[in-house]
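What you see below is based on every heavy atom in this structure, not just the backbone, and it leaves out hydrogens, waters and symmetry mates. Keep in mind it's a predicted model, so treat the numbers as computed, not measured. Proteins get letters first, then strands, A, B, ... in listed order; numbering begins at 1 in each.
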2 protein chains.
Amino acid sequence: MPDSRTPSGDQPSDQTVPKVVVSRISLYLRELQRLQAAGQQTISSGTLGALLGFSDAQVRKDLGFFGQFGYPGVGYRCDELIHAMRDILGTNHRWPVVMVGVGNLGQALLGYRGFGRQNFSIEAAFDTDPSKVGTVIQGLTIRDVAELPEVVRRLGIRLGMIVVPADRAQEVADRLVAAGIDGIVNFAPVTLTLPPHVETVAVDLAIELEQLSFAVTNKFGKPAGEGPAGAQEPR
Amino acid sequence: MPDSRTPSGDQPSDQTVPKVVVSRISLYLRELQRLQAAGQQTISSGTLGALLGFSDAQVRKDLGFFGQFGYPGVGYRCDELIHAMRDILGTNHRWPVVMVGVGNLGQALLGYRGFGRQNFSIEAAFDTDPSKVGTVIQGLTIRDVAELPEVVRRLGIRLGMIVVPADRAQEVADRLVAAGIDGIVNFAPVTLTLPPHVETVAVDLAIELEQLSFAVTNKFGKPAGEGPAGAQEPR
DNA sequence: CGGTGTGAAAGTTTTCACAGCG
DNA sequence: CGCTGTGAAAACTTTCACACCG
């Protein structure tokens with residue numbers, strides 16, 4: 001484009017990037033990390049796409065939203081692309097996170113190693129149940145929700161996870177917002193009402209099963225021959 | 001359309017329904033169940049949409065993929081629409097499900113009440129760890145994965161959940177497919193290769209946090225400002 | 001009225017196809 | 001060569017706007 005230097009992530013980006021593109025970036029990153037761990041140095045858009053069930057053009061277009069990262073005739077260097085995608089996603093630095101709700105699911109998430117692998121670290125966990133407050137789970141002392149504002153401020157935390165029952169989720173969301181949080185992952189099966197400056201991502205496990213139920217139910221009412229090989233469709 | 005009888009879910013559906021429409025159907029259903037529990041009899045597309053952040057037209061168009069369910073001037077009857085949407089999603093009947101992997105997360109999912117609420121029931125759980133096989137968790141006796149085919153056949157199970165580490169997920173998927181499963185929810189952070197007749201839904205918890213990281217990082221690069229995520233050190 | 005259902009228009013995302021580069 | 005980056009075309013999704021209904 002402007003000149004002919006070595007590829008690098010310059011910023012043509014000012015257009016607004018579709019959400020679905022960002023979710024694919026996460027999938028590219030995940031796959032690249034696997035490839036790198038397997039010793040692969042470079043990869044082409046075609047190969048990367050095939051591993052995930054996307055076209056080569058889609059991979060290139062997606063990356064094109066953020067800059068130029070490839071080498072014509074060669075492909076992309078895994079290490080460079082991983083670094084670039086972490087920059088895009090904001091995960092080249094560590095994110096401290098708070099969790100509210102340490103029931104079944106909350107406790108499991110506290111022990112999930114996958115967060116740390118992508119540079120997220122649950123730094124504090126809260127509950128309202130007095131029988132839980134003060135106990136130690138996965139090395140963390142559970143605190144009373146009343147301490148939320150102080151802890152968020154002291155640790156400079158911007159992200160929170162809601163892992164409480166549906167009927168308590170909005171109240172917890174309000175507390176997180178009041179404490180100054182910028183983004184929330186909501187595992188409760190309810191839609192939160194939030195001020196527009198707070199970002200949110202919803203995960204509803206029952207809905208995932210419903211989507212599968214629909215797909216399986218309607219499998220034999222579809223068009224004929226379906227897609228390429230058996231690559232899994234991304235969410 | 002054809003005649004003027006009471007609205008009901010007849011099926012103009014043969015067009016292929018976009019996935020994003022199906023995911024909104026799940027959200028409509030969730031909200032309707034909440035409204036019904038709160039005693040509401042009817043709801044308009046505008047009100048329902050507003051509760052979820054969608055336009056009235058979107059709600060009507062989405063429902064239009066599956067039939068005619070509304071009463072002009074009135075809206076939709078909650079009980080009817082709930083039933084219709086369960087029919088669409090295939091959750092008016094109970095789905096028995098198998099789970100493979102009863103680590104941290106698997107055990108939490110075994111205890112999650114939200115599945116039962118939407119008519120899914122985890123009927124059997126498997127692991128390969130001999131120290132887990134034979135133990136009872138959440139009232140279920142954990143079985144050896146070798147028993148998968150027999151149990152799936154005997155209980156007529158069509159859906160499976162993969163809750164094992166990434167490096168074991170493909171092998172487990174192959175076993176589920178061999179056992180005759182039709183759909184898989186995959187919680188492992190890896191893309192599965194599956195035959196085209198097997199449906200799949202992927203849930204990657206770290207990716208959800210990454211999406212939030214991106215949104216928060218770029219919140220102030222949206223309207224006019226500079227520097228969304230491109231910056232990278234020139235090589 | 002207040003609301004649905006639905007073509008047609010607008011907007012968005014994906015695919016195509018090809019110039020250009022090492 | 002093999003592959004990227006990217007306009008332009010195609011496909012798809014959302015919004016608009018309005019006839020019609022109770």
Side-chain angles (χ1 to χ4, degrees), chain A residues 1-13 15-25 27-28 41-50 52-78 80-81 84 223 227-228 233-234, chain B residues 1-13 15-25 27-28 40-50 52-78 80-81 84 230 235:
Chain A
M1 275 195 92
D3 59 49
S4 60
R5 70 202 169 319
T6 328
S8 71
D10 47 355
Q11 308 171 309
S13 52
Q15 310 155 67
T16 130
V17 181
K19 243 177 233 140
V20 63
V21 169
V22 183
S23 72
R24 283 193 301 261
I25 295 287
L27 292 174
Y28 301 152
Q41 300 285 318
T42 67
I43 188 150
S44 69
S45 58
T47 307
L48 179 57
L52 294 163
F54 306 127
S55 71
D56 59 337
Q58 178 126 74
V59 172
R60 294 199 301 278
K61 251 312 195 243
D62 285 348
L63 298 179
F65 276 98
F66 302 100
Q68 302 187 166
F69 307 102
Y71 299 83
V74 179
Y76 304 87
R77 291 188 43 179
C78 292
E80 280 182 13
L81 197 48
E233 146 277 326
Chain B
M1 274 200 100
D3 58 49
S4 59
R5 71 204 170 316
T6 326
S8 71
D10 47 354
Q11 303 169 315
S13 55
Q15 312 153 63
T16 125
V17 181
K19 242 170 236 153
V20 63
V21 169
V22 182
S23 73
R24 283 194 300 262
I25 295 286
L27 293 175
Y28 301 152
Q40 192 145 347
Q41 300 286 316
T42 67
I43 188 150
S44 69
S45 59
T47 308
L48 179 57
L52 294 164
F54 306 127
S55 71
D56 57 339
Q58 179 127 76
V59 172
R60 293 199 302 276
K61 251 312 195 242
D62 285 348
L63 297 179
F65 276 98
F66 302 100
Q68 303 188 164
F69 306 103
Y71 299 84
V74 178
Y76 304 87
R77 289 185 46 178
C78 293
E80 278 182 14
L81 197 48
R235 193 189 59 88

side-chain contact (heavy atoms from CB on, under 4.5 Å), paired with A/Y76, selected from A/T42, A/L48, A/L63: A/L63
Value in whole Å for how far the P atom of C/dT6 lies from CZ of B/F69: 11 Å
From CG (B/L27) to CZ (B/F54), nearest 0.5 Å: 5.5 Å
B/S/- contact track for nucleotides 9-14 of chain C, protein heavy atom under 4.0 Å: ----SS
Any A/V22 side-chain heavy atom under 4.5 Å of A/F65 side chain: no
Integer-rounded Å distance: C/dA19 P and A/Q68 CD: 18 Å
For atom CZ of B/F66 and atom P of C/dG5, their distance in whole Å: 14 Å
Flag if over 12 foreign heavy atoms under 6.0 Å of CD, B/Q41: no
Atom pair CZ/OG of A/R60 and A/S55 - distance to nearest 0.5 Å: 8.0 Å
Summary of salt bridge (Lys or Arg N to Asp or Glu O under 4.0 Å) pairs that have at least one residue in residues 66-78 of chain B, sequence neighbours excluded: B/R77-B/D79, B/R77-B/E80
Atom pair distance, as rounded to whole Å: CG in B/L63 and P in C/dT6: 11 Å
Chi angles and distances behind the side chain to side chain contact (heavy atoms under 4.5 Å, CB included) call for B/L81, B/Y28: CA-CA 9 Å; B/L81 197 48; B/Y28 301 152; over 6 Å; no
Atom-pair distance (CG on B/D56; P on D/dA17), nearest Å: 12 Å
Rounded distance in Å - CD (A/E80) to P (D/dT4): 13 Å
Quick test: give all pairs of protein nitrogen or oxygen and nucleotides 1-3 of chain D nitrogen or oxygen below 3.5 Å, distance rounded to 0.1 Å.
| from | atom 1 | to | atom 2 | distance (Å) |
| --- | --- | --- | --- | --- |
| D/dG2 | N2 | A/G73 | N | 3.2 |
| D/dC3 | O4' | A/G73 | N | 3.4 |
| D/dC3 | O2 | A/G73 | N | 3.3 |

Nearest non-hydrogen partners of B/G49 and B/V59, listed with the distance: CA-CG2, 3.7 Å
